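Before any comments, here is the structure.
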Amino acid sequence: MWTKTFWEDAAERAVKTAIQTLLAVVSSAATAATMSGGDWGLALKTAGFAALFSIATSIASARVGDRATAAALPVAAPGGRHSRTDE
């Protein structure tokens, strides 16, 4: 958890989560009318909380999978099931 790779992974995931959440909030039919009124603060707060929860999830899963990354799943070894054999 205390590696540069871990925090780069966690930050990348948090940014992706924030963007996805913001797009979901802005594009939902229920909030489309609200957003035209300029309630961007709520959408940005929601995206910010989602990013914080993403980082919390990365920290909570630090002891699972590869400890050097924020991934909860183990990193596939070269020649693993999903590797390409035609290279």
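No experiment lies behind these values; they were computed from the predicted model shown. Computed over heavy atoms, backbone and side chain alike; hydrogens, waters and symmetry mates excluded.
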Might you point out which heavy atoms bring [X] and [Y] nearest each other, and give the distance in Å?
X   : Y   : value
A18 : A51 : CB-CB, 4.0 Å
A43 : V25 : CB-CG1, 3.8 Å
A50 : T17 : O-CG2, 3.7 Å

Common cluster, V64/I59, ILVMFWY with side-chain heavy-atom separation under 4.5 Å: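 Different clusters.
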
Value rounded to 0.5 Å, distance of OG1 in T57 from CZ in R13: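 Rounded to the nearest 0.5 Å, the OG1-CZ separation comes out at 10.0 Å.
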
Separation between CZ of F49 and CZ of F53, rounded to the nearest 0.5 Å: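 F49 CZ to F53 CZ: 6.5 Å, rounded to 0.5 Å.
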
For L23, side-chain contact (heavy atoms from CB on, under 4.5 Å) partners two or more places apart: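 Expected list: I19.
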
Salt bridge (charged side-chain N to carboxylate O under 4.0 Å, His left out) contacts touching residues 14-23 (sequence neighbours left out):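 Applying salt bridge (charged side-chain N to carboxylate O under 4.0 Å, His left out) to every pair that reaches into residues 14-23, excluding sequence neighbours, yields E12-K16.
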
Stepwise side chain to side chain contact (heavy atoms under 4.5 Å, CB included) check, W7 with S58: CA-CA 9 Å; W7 290 107; S58 292; over 6 Å; no

Close side-chain approach of T46 to L22, heavy-atom, < 4.5 Å: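 The answer is no, as the side chains (C-beta and beyond) never meet within the 4.5 Å cut-off.
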
